[in-house]
Amino acid sequence: MTITVDPVSLETRPAKVRARMRGTIGELPVRTVLRQTVVVPTFNERDNIATLLERLASALPAGETEIVFVDDSTDDTPEVIREAARGCPIPVTVHHREDGAGGLGGAVVEGMRLARGEWIVVMDADLQHPPEIVPDLIGAGARDGADLVIGSRYAGGGNRDGLSGRYRRIVSGGSTFATKMLFRSSLVQVSDPMSGLFAIRTSSLEVEELRPLGYKILLELVVRNRPGRIVEVPYSFQPRHAGESKSSMAEGVRFVKHLGLLRFGAQRSRMLLFGLIGLSGLLPNQVALWALNDLAGVHYLPAAVLANQVAIGWNFALTDTLLYRSRRSSRSFWGRINRFFLLGNADLVLRIPLLALLVSGAHLGVLGANLVTLVISFVARFLISDKVIYRTRSRQPVTA
Ligand SMILES: Nc1nc2c(ncn2[C@@H]2O[C@H](COP(=O)(O)OP(=O)(O)OP(=O)(O)O)[C@@H](O)[C@H]2O)c(=O)[nH]1
Ligand SMILES: [Mg+2]
């Protein structure tokens, strides 16, 4: 395996990266500018590596290219890559990460930091992205003066036949549509914002701006880096060559979170989710009230207070697991749940007199007044939960 480096591009990298790259190249020869770096994130892809390297080597000039694998595998994929790299004319590096920080998105960003080409091409290892398209991506970028070239399954001539099953097609089509709606102005020129295949001009990349969460690194790039001209190259998305898919339900949840963070920012996203959880609490509240009052014959006032406890329990379970999972270490379980219930009930104590004041003092209608108290209480409860119950510790990074 040969590894080469351009000393000029090395000097343009941040100090930490320069040190790491120098550490990687050691005694190896120094050379001129590379045209392209192909960054391939891998997670247990051992049976795809040989074909991928063969096809990349046939499609790209060895002297102008490097391939960087960023690997989080738990199997022997890194060894398989090293072995296959011996017979590959293109220089190959493998950067294996033990912690797998940031998953697929984190791996791509890591590969971008290590890349030395004028263009960085990101593609999957499972051959769903045909390697032969790489020269077309870069050719289109150079011809049209673009900063970003997206391999698109939806532009004219492209297709997504390789997406296995109707369910995957519906999810992919639906999330593409929702994403385009949420980021209408950034994505006017983009038909396939969920694509994992793209080429970015290195000089237009601001890698330190990127904070990817999960799979959708292209969206992160378009929204945060705002590249100049964007063009698309249609391609036909292939079935997976070998191995298993790593996309999962958890990835889907991460994607929704990523969309919220990118679109609304961290605090507004939390408030939105807090509101949705609060809204979902209406259901257990009503069911409990009905069961206690209608079925068990409990008087409606104590029944309402008890039903409120059921709703607070429901809200706590969802808030604690979905919204503030990463901040749970700020207090013990009992510390969190006690404060949450106290807040939920203080809400009752404050809302009832406020309601009376608005109805008899300000002569508002009961329903309107009730709505006002609910909104005031919602904002107050969110701020107390966010700033007091689940406060961030000063050295703890804010993740969501
Ligand atoms: N480094 C790294 N690579 C990952 C990780 N998760 C997935 N990958 C790689 O990212 C690429 C895309 O993952 P896939 O499992 O193919 O996802 P997908 O294309 O949405 O799913 P399929 O259509 O079923 O293949 C593949 O090359 C994976 O090996 C990860 O956590 N770390
Ligand atoms: Mg795949």
Side-chain angles (χ1 to χ4, degrees), residues 37-53 55-56 67-82 84 92-115 120-131 133-134 150-154 158-176 179 192-198 210 212-221 235-256 258:
T37 299
V38 181
V39 171
V40 187
T42 46
F43 186 88
N44 298 354
E45 299 284 3
R46 64 183 317 284
D47 296 327
N48 292 313
I49 302 302
T51 315
L52 175 68
L53 287 184
R55 286 176 59 182
L56 279 173
I67 303 171
V68 174
F69 285 93
V70 183
D71 179 79
D72 296 329
S73 297
T74 49
D75 68 2
D76 64 346
T77 300
E79 287 75 48
V80 173
I81 296 173
R82 282 188 198 103
V92 174
T93 49
V94 189
H95 180 67
H96 177 73
R97 311 184 308 161
E98 283 304 329
D99 61 352
L104 170 56
V108 171
V109 167
E110 191 69 33
M112 288 171 162
R113 288 202 181 103
L114 296 169
I120 297 172
V121 180
V122 176
M123 66 188 303
D124 291 355
D126 56 5
L127 296 151
Q128 290 190 293
H129 304 145
I133 200 172
V134 174
I150 301 173
S152 171
R153 298 164 287 186
Y154 298 106
N159 73 65
R160 52 184 181 147
D161 293 352
L163 263 186
S164 48
R166 231 176 68 183
Y167 171 72
R168 288 287 302 268
R169 280 163 201 247
I170 291 171
V171 169
S172 169
S175 46
T176 301
T179 306
D192 194 355
M194 327 296 277
S195 179
L197 171 66
F198 58 89
L210 303 176
L213 185 69
Y215 268 39
K216 304 304 170 194
I217 178 75
L218 173 64
L219 184 64
E220 176 77 20
L221 195 69
Y235 81 101
S236 165
F237 189 70
Q238 301 298 309
R240 189 171 240 286
H241 176 70
E244 283 168 16
S245 167
K246 281 90 206 173
S247 57
S248 59
M249 194 64 188
E251 241 359 284
V253 172
R254 221 165 282 148
F255 168 61
V256 173
H258 190 198

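Predicted model, so just to flag it, every value in this text is computed and none were measured. Note that ligands are numbered from 1 as they come in the structure, with each ligand's atoms numbered from 1 the same way.
Minimum interatomic distance between Ala125 and Glu45 (heavy atoms only, all atoms of both residues): CB-CG, 3.9 Å. Residues Pro41 and Ala107 share a closest heavy-atom pair of CB-CB, 4.2 Å. The two atoms that bring His241 and Asp47 nearest to each other are CD2-O, 3.9 Å, heavy atoms only. The nearest pair of heavy atoms linking Leu52 to Pro131 is CD1-CG, 4.1 Å. Across all non-hydrogen atoms, the minimal contact from Ser73 to His96 is O-CE1, 3.3 Å. Taking both residues in full, the closest heavy atoms of Gly103 and Asp72 are given as O-OD2, 4.0 Å, listed atom of the first, atom of the second, then distance.
Nearest protein neighbour of atom 16 (O) of ligand 1, counting heavy atoms only, is Asp126 OD2, 2.7 Å. If you check which protein heavy atom lies closest to atom 15 (O) of ligand 1, you get Lys246 N, 2.6 Å. Of all protein heavy atoms, the one closest to atom 7 (C) of ligand 1 is Tyr215 OH, 3.4 Å. Looking at atom 4 (C) of ligand 1, its nearest protein heavy atom turns out to be Phe43 CB, 3.6 Å. Considering only non-hydrogen protein atoms, atom 19 (O) of ligand 1 sits nearest to Gln128 OE1, 2.9 Å. Nearest protein heavy-atom neighbour of atom 9 (C) of ligand 1: Pro41 O, 3.5 Å.
Of all atoms in ligand 1, listed by their number and element, those nearer than 4.0 Å to a heavy atom of Arg240 are 14 (P), 15 (O), 16 (O), 25 (O). Heavy-atom contacts of Ala107 reach the following atoms of ligand 1: 1 (N), 2 (C) (cutoff under 4.0 Å). Within ligand 1, the atoms closer than 4.0 Å to a non-hydrogen atom of Thr42 are 1 (N), 2 (C), 3 (N), 29 (O), numbered from 1 in the order shown.
For the Mg ion (ligand 2), the N/O/S atoms of Gln128 include one lying under 2.8 Å. The Mg ion (ligand 2) has no N, O or S atom of Asp124 under 2.8 Å away, backbone or side chain.
Side-chain contact of Asp192 with Thr176: a donor-acceptor pair under 3.5 Å is absent, judged by distance alone.
Classified by interplanar angle (parallel below 30°, tilted 30° to 60°, perpendicular above 60°), the ring pair His129/Tyr235 is perpendicular.
If you look at Glu45 next to ligand 1, the close heavy atoms, those under 4.0 Å, all belong to the side chain. With a 4.0 Å cut-off on non-hydrogen atoms, Ala125 touches ligand 1 through its backbone as well as its side chain. At a heavy-atom cutoff of 4.0 Å, ligand 1 is contacted by no atom of Asn44, backbone or side chain. Within the 4.0 Å heavy-atom criterion, the part of Arg168 lying near ligand 1 is the side chain and not the backbone. Contacts between Asp72 and ligand 1, counted as non-hydrogen atom pairs separated by less than 4.0 Å, involve both the backbone and the side chain.
Taking the side chain as every heavy atom from C-beta outward, Arg46 and Asp76 approach each other to under 4.5 Å.
Between Glu244 and ligand 1, not a single N/O pair is under 3.5 Å apart. Residue contacts with ligand 1: Asp71 is placed with no nitrogen or oxygen under 3.5 Å of a nitrogen or oxygen of the ligand (distance criterion only).
Evaluated by nearest non-hydrogen atom to atom 30 (C) of ligand 1, the leading choice among Leu104, Val40, Val108, Leu127 is Leu104.
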Derivation and outcome, side chain to side chain contact (heavy atoms under 4.5 Å, CB included), residues Leu210 and Met112: CA-CA 11 Å; Leu210 303 176; Met112 288 171 162; 4.2 Å; yes
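Atom CZ of residue Phe198 and atom CG of residue Leu218 lie 5.5 Å apart, to the nearest 0.5 angstrom.
The closest approach of Asp126 to the Mg ion (ligand 2), by N/O/S atoms, is made by OD2.
Glu251 has no carboxylate O lying under 4.0 Å from a charged side-chain N of Lys216, or vice versa, which leaves the two without a salt bridge.
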